Amino acid sequence: MSRKLIDRFLDRKLADLPEAPLSEGERLALVSRHGDFSLAYSTAVQTGLRHFGDARGYIAHSAKMGSLIALGDPVCAPQDRARLLDAFVDAAKTPVFAEIRRETAQHLAGRGYRVAMMGIDSALDLQTYDFSGKRKETVRYSERWLEKKGYRIAEAEEVEGAEAMIRDLSERWRASRIVKKREMAFLNRPLPEAGGPMMRRFVLIEPDGRVGCLVYFDPICRDGEVIGYLTAFKRKLPDTTSHAEIGLTKRAADVFKAEGKQVLMLGLSPLCDVEPSGFAESAAFRAMLQRLYRSGAVNRKVFNLAGHAAFKRRFHGREEPRYLAWNAGSPFAHFIALMRLSKAF
């Protein structure tokens, strides 16, 4: 209760922004045209978010501990990005921006923002990417091992009784986690919100018929078409083989490539390879993020940052930096607010 009281007290100083007059369907229509970044789909469908903007585009945001934090880039046409960012900053005064791409960071830096790296996203450019070569042998081996041992990969809609098995899998997976009592949010929306329009859901069927692992994908869109997907959710039974998630991800990449999709994003590796951003920033804040990534206590008791990044690097994709930007206050306080919003602690 004291946390909630403190949050309400701190949030009183924040600007009361108007809510964009957009239904979820209208936000999804904007995502279909302009949602070409990893978090675009989540900004449209995640519960608990607010939205600033108009019929031409929006910025999703939420608040915690006196920090108003925008989630990802604006969902709008490139020519509207500067207008929408300026209107949002003018209205909110001191908003923070989390997991933004370099184009957004550059515009904000021009408005006096400080910008720090907060991790990397990994992209497989599907029409030129393949799984050949020694570096990707472990990925190929996982797929072969699953086939040899009698596992089967399918999309969830093709599997009878999949929904009940997925619920059981999710409950057992949650019980095995470092943080057992809550689902992540904001940077990752909760799994119960998965299964919406345009998503794809791949599952691993074990030899005994159970669903042992799932990987869900959010759409990435441009000009009214799905051009690729983001790996949004991964879960497996505690006793399921370690080859499961790798084999599922490889099979999905092969399917998407055959369908002519352009990209598979593997999602944010938080705090991984944090380097100088090239913008004005805080060296002390950057050093803290680097220490957190290397911390054994953080990786054991809060979130396995190193393991999360290592899984994605098995695929040897193209890595893109993601940034945190702020124009007032302490980056340390904003980071704690972001972690609270994300329910990391």
Side-chain angles (χ1 to χ4, degrees), residues 11-64 66-113 115 185-189 193 196-199 218-228 230 232 265 322-329 334 337-338 341-342:
D11 291 347
R12 287 175 60 188
K13 68 178 183 179
L14 297 175
D16 185 17
L17 300 181
E19 182 69 12
L22 299 167
S23 66
E24 181 177 300
E26 289 168 327
R27 293 195 300 271
L28 284 171
L30 285 165
V31 167
S32 179
R33 296 195 296 274
H34 311 303
D36 61 353
F37 62 95
S38 292
L39 292 180
Y41 186 80
S42 191
T43 68
V45 302
Q46 184 177 168
T47 60
L49 297 180
R50 298 192 64 194
H51 302 87
F52 177 92
D54 53 33
R56 288 190 287 169
Y58 68 86
I59 293 173
H61 62 92
S62 191
K64 184 70 70 175
S67 295
L68 191 153
I69 306 178
L71 179 62
D73 300 290
V75 179
C76 64
Q79 62 268 24
D80 287 325
R81 183 186 297 118
R83 172 194 65 83
L84 186 53
L85 285 169
D86 288 343
F88 182 66
V89 172
D90 290 345
K93 306 303 181 188
T94 59
V96 179
F97 292 79
E99 202 174 327
I100 55 176
R101 294 175 295 181
R102 193 165 187 86
E103 297 88 343
T104 298
Q106 284 178 321
H107 182 81
L108 293 171
R111 289 200 52 141
Y113 267 75
V115 179
F186 199 65
L187 292 174
N188 253 34
R189 71 186 186 282
E193 297 182 23
M198 298 188 288
M199 287 188 67
D218 284 352
I220 296 173
C221 305
R222 185 183 299 138
D223 298 330
E225 295 185 1
V226 176
I227 63 167
L230 162 75
M265 304 298 298
R322 294 292 182 262
Y323 301 95
L324 180 77
W326 69 99
N327 68 347
H334 294 316
L338 177 62
L341 263 181
S342 301

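Here the structure is a predicted model, which is why all the values come from computation and not from measurement. Along the sequence shown, residues are numbered consecutively beginning with 1.
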_From CG (D218) to CG (L39), nearest 0.5 Å_ = 9.0 Å
*Mind checking the OG-CG spacing from S42 to L187? Nearest 0.5 Å is all I need.*
9.0 Å
*Looking only at non-hydrogen atoms, find the nearest pair between Y41 and P219 and report the distance.*
CD1-CG, 3.4 Å
_Restricting to ring-ring contact (aromatic ring centres under 6.0 Å, His included), what partner residues turn up for F88, sequence neighbours left out?_
F52, H61, F97
_NZ/NE/NH1/NH2 to OD/OE distance under 4.0 Å, D73 and R81_ = no
*If we only count heavy atoms from C-beta on, is the N327 to L108 side-chain gap below 4.5 Å?*
no
*Do you know the tightest heavy-atom contact between H334 and W326?*
CD2-CB, 3.8 Å
*What is the distance from atom CZ of R322 to atom CZ of R101, rounded to the nearest 0.5 Å?*
7.0 Å
*Pick one: which of L338, V115, I100 meets side-chain contact (heavy atoms from CB on, under 4.5 Å) with L324?*
L338
*What heavy-atom pair brings E24 and A44 nearest, and what distance separates the two atoms?*
CG-O, 3.7 Å
*Mind running side-chain contact (heavy atoms from CB on, under 4.5 Å) on I59 and L85 for me, showing each step along the way?*
CA-CA 8 Å; I59 293 173; L85 285 169; 4.1 Å; yes
*How many angstroms lie between CG in L71 and CG in L49, if you round to the nearest 0.5 Å?*
6.0 Å
_Residue list, side-chain hydrogen bond (donor to acceptor under 3.5 Å, both in side chains) with D80, at least two apart or on another chain_ = R56
_F186 CZ to E99 CD distance, which is reported to the nearest 0.5 Å_ = 9.5 Å
*Considering non-hydrogen atoms only, spot the tightest contact between A15 and L68 and give its length.*
O-CD1, 4.3 Å
*Step by step, would you call V45 with V31 a side-chain contact (heavy atoms from CB on, under 4.5 Å)?*
CA-CA 10 Å; V45 302; V31 167; over 6 Å; no
*How many angstroms lie between atom CG of L341 and atom OG of S62, to the nearest 0.5 angstrom?*
4.5 Å
*Residues L230, F37; criterion side-chain contact (heavy atoms from CB on, under 4.5 Å); working and verdict*: CA-CA 9 Å; L230 162 75; F37 62 95; over 6 Å; no
*Are S342 and N188 close enough that some pair of their side-chain heavy atoms sits under 4.5 Å apart?*
no
*Shortest non-hydrogen contact between H51 and T43, atoms and distance*: NE2-O, 2.8 Å
*What are the two closest non-hydrogen atoms of P197 and L28, and how far apart are they?*
CG-CD1, 3.9 Å
*asked:* Applying salt bridge (charged side-chain N to carboxylate O under 4.0 Å, His left out), can you list everything that pairs with R102, at least two apart in sequence or on another chain?
replied: none
*Where the side chain of Q106 meets the backbone of E103, is there a donor-acceptor pair that is under 3.5 Å apart?*
no
*Under the side-chain contact (heavy atoms from CB on, under 4.5 Å) rule, what do C76 and R83 come out as? Steps first, then yes or no, please.*
CA-CA 10 Å; C76 64; R83 172 194 65 83; 5.6 Å; no
